[in-house]
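This report concerns only the one structure given below.
We're numbering straight along the sequence, starting at 1. Atoms considered below: every heavy atom in the structure, side chains included; atoms not considered: hydrogens, waters and symmetry mates.
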Amino acid sequence: MEAQNSPVQGGVCSSESNLGGTDIWSCKESATALADHLVVMVHGILGSVTDWKFAAEQFVRMLPDKVIVHCSERNASMLTLDGVDVMGERLAEEVIEVIKQKPEVRKISFVAHSVGGLVARYAIGRLYRPPRSDNKEDSSTDTCEEDSRGTIHGLEAMNFITLATPHLGSRGNKQVPFLFGVTAFEKAATCVIHWIFKRTGRHLFLTDEDEGNPPLLRRMIEDCGELHFMSALHTFKRRVVYSNVGFDHIVGWRTSSIRRDSELPTWEDVVNEKYPHIVFEEHCKACDAEQCESSSMEDDGLNKLEEELLMGLSCVSWEKVDVSFHASRQRFAAHSVIQVKDHMAHGEGADVIQHMIDHFLT
């Protein structure tokens with residue numbers, strides 16, 4: 001079912017799968033026999049499977065007996081313009097097929113860049129399976145704990161990680177930095193974005209109202225029929241957002257970090273030798289409905305729809321990691337550097353990938 005393996009490089013093997021995408025794993029048989037954690041990497045708009053090449057190989061080099069990485073390609077290039085929902089359905093189908101071909105896997109994580117984070121959120125809503133039993137009286141303690149959480153297509157959900165993903169959409173003020181926060185430019189973009197980015201553009205700018213339904217991103221902050229968007233997010237042991245604090249001309253800091261303007265932290269230019277571009281970290285607990293309602297009453301310049309998205313996503317806990325390439329020669333490509341899309345051109349983001357691996361639950 002898989003194409004011929006590529007040459008071994010640094011103890012990492014890879015193959016192009018006939019299912020779509022590329023699989024990366026350790027070439028050491030002893031390590032591969034133990035690896036039971038599938039890491040699905042999802043690229044952003046107009047992206048390809050090679051966008052995650054550096055990160056995927058680093059994951060396998062550092063966690064050889066833990067992970068098998070699958071870089072998705074079902075939505076490559078122009079297919080990323082088909083809409084978040086269509087891409088999410090394709091990704092879900094791809095993941096199901098990969099799982100069928102890898103019966104050894106027991107755990108699953110997602111690592112996604114830019115729009116890929118929204119696609120992954122949609123896909124896990126489709127892949128979510130509720131707890132097997134609500135009756136725990138006759139079960140052992142271990143079984144109770146296992147059954148009390150849902151799964152992602154039968155696998156234990158571990159890490160859900162996004163990098164520079166517009167979780168609050170792209171319509172709000174300064175959510176697309178290259179528009180310079182000029183209201184006239186932002187309003188004009190809302191009207192013409194679908195000419196450039198098709199259905200995906202409508203979803204990002206919250207202008208889709210299919211058959212009278214709310215915009216897709218609004219629907220994705222609730223369980224919606226057979227799509228268990230929030231139950232799926234909740235079932236992961238960790239949810240992490242990595243955000244560029246500046247120089248990302250595609251996705252703004254507020255939307256990628258799921259914050260209001262007043263919640264954006266003041267960070268200091270303190271160099272961490274291991275992670276020189278990580279400038280702030282915080283753990284945000286889930287807020288209950290009453291807390292969210294209270295917060296929503298604050299006038300923070302957010303429009304109503306964006307506030308609803310923030311409130312909905314705040315119903316689960318998040319780890320928030322802020323990244324700055326302000327002193328980097330590659331700072332103007334921050335949107336790609338945070339992912340190390342190309343090791344030669346964007347290599348200064350390697351410490352972000354290292355931070356991700358060092359904190360990864362296996």
- Determine, step by step, whether W318 and E282 satisfy the side-chain contact (heavy atoms from CB on, under 4.5 Å) criterion, reporting the C-alpha distance in whole Å, the side-chain angles of both residues, the deciding distance to 0.1 Å, and the verdict. CA-CA 8 Å; W318 291 92; E282 68 174 334; over 6 Å; no
- Task: Start with the C-alpha distance between C27 and C13, add both sets of side-chain angles, then the distance that settles disulfide (SG to SG under 2.5 Å), and finish with yes or no.
- Result: CA-CA 5 Å; C27 292; C13 288; 1.9 Å; yes
- Query: Please walk me through it: do R74 and E97 pass salt bridge (Lys or Arg N to Asp or Glu O under 4.0 Å)?
  - Reply: CA-CA 12 Å; R74 192 65 61 91; E97 292 170 0; 2.9 Å; yes
- Worked check of ring-ring contact (aromatic ring centres under 6.0 Å, His included) between Y122 and H203: CA-CA 12 Å; Y122 187 101; H203 290 153; 8.7 Å; no
- Message: Using side-chain contact (heavy atoms from CB on, under 4.5 Å), reason through W52 and V69 one step at a time and then give a plain yes or no.
- Response: CA-CA 10 Å; W52 279 116; V69 178; over 6 Å; no
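For the pair Q58 (side chain) and I353 (backbone), a donor-acceptor distance under 3.5 Å is absent. Judged by distance alone, the side chain of D51 and the main-chain N or O of H43 form no donor-acceptor pair under 3.5 Å. The backbone N or O of H326 sits less than 3.5 Å from a side-chain atom of S324, completing a donor-acceptor pair. Counting only distance, with no hydrogens or angles, the side chain of T32 and the backbone of K28 share a donor-acceptor pair below 3.5 Å. No donor-acceptor pair under 3.5 Å is formed between the side chain of T22 and the backbone N or O of C71. Looking at K66, its side chain never comes within 3.5 Å of a backbone N or O of H37 through a donor-acceptor pair. When atom types are taken as modelled, the side chain of T235 and the backbone of G150 share a donor-acceptor pair closer than 3.5 angstrom. Between the side chain of R121 and the main chain of F229, no donor-acceptor pair closer than 3.5 Å is present. Looking only at distances, a side-chain donor or acceptor of S243 sits under 3.5 Å from a matching main-chain atom of S257. A donor-acceptor distance shorter than 3.5 angstrom exists from the side chain of D351 to the backbone of H277, with no hydrogens or angles considered.
Around atom NE2 of H234, no more than 12 heavy atoms belonging to other residues, nucleotides or ligands sit under 6.0 Å away.
A salt bridge links R260 with E307; the closest basic N to acidic carboxylate O contact falls under 4.0 Å. Between R259 and D322, at least one side-chain N (NZ, or NE/NH1/NH2) sits under 4.0 Å from a carboxylate O, which counts as a salt bridge. Ionic pairing of E156 and R149 is not present here: no N-O contact between side-chain nitrogen and carboxylate oxygen is shorter than 4.0 angstrom. In summary, E94 and R90 do not engage in a salt bridge, as defined by a charged side-chain N under 4.0 Å from a carboxylate O.
I258 and V241 get closest at one heavy-atom pair: CD1-CG1, 4.1 Å.
Screening H249, H346, H113 for a ring-ring contact (aromatic ring centres under 6.0 Å, His included) with H335, the sole residue that qualifies is H113.
Taking the six-membered ring where the residue is Trp, F110 and F236 present perpendicular rings, their angle passing 60° and hence far from 30°. Taking the six-membered ring where tryptophan is involved, the planes of F332 and F247 are perpendicular, since the angle between them exceeds 60° and thus also 30°.
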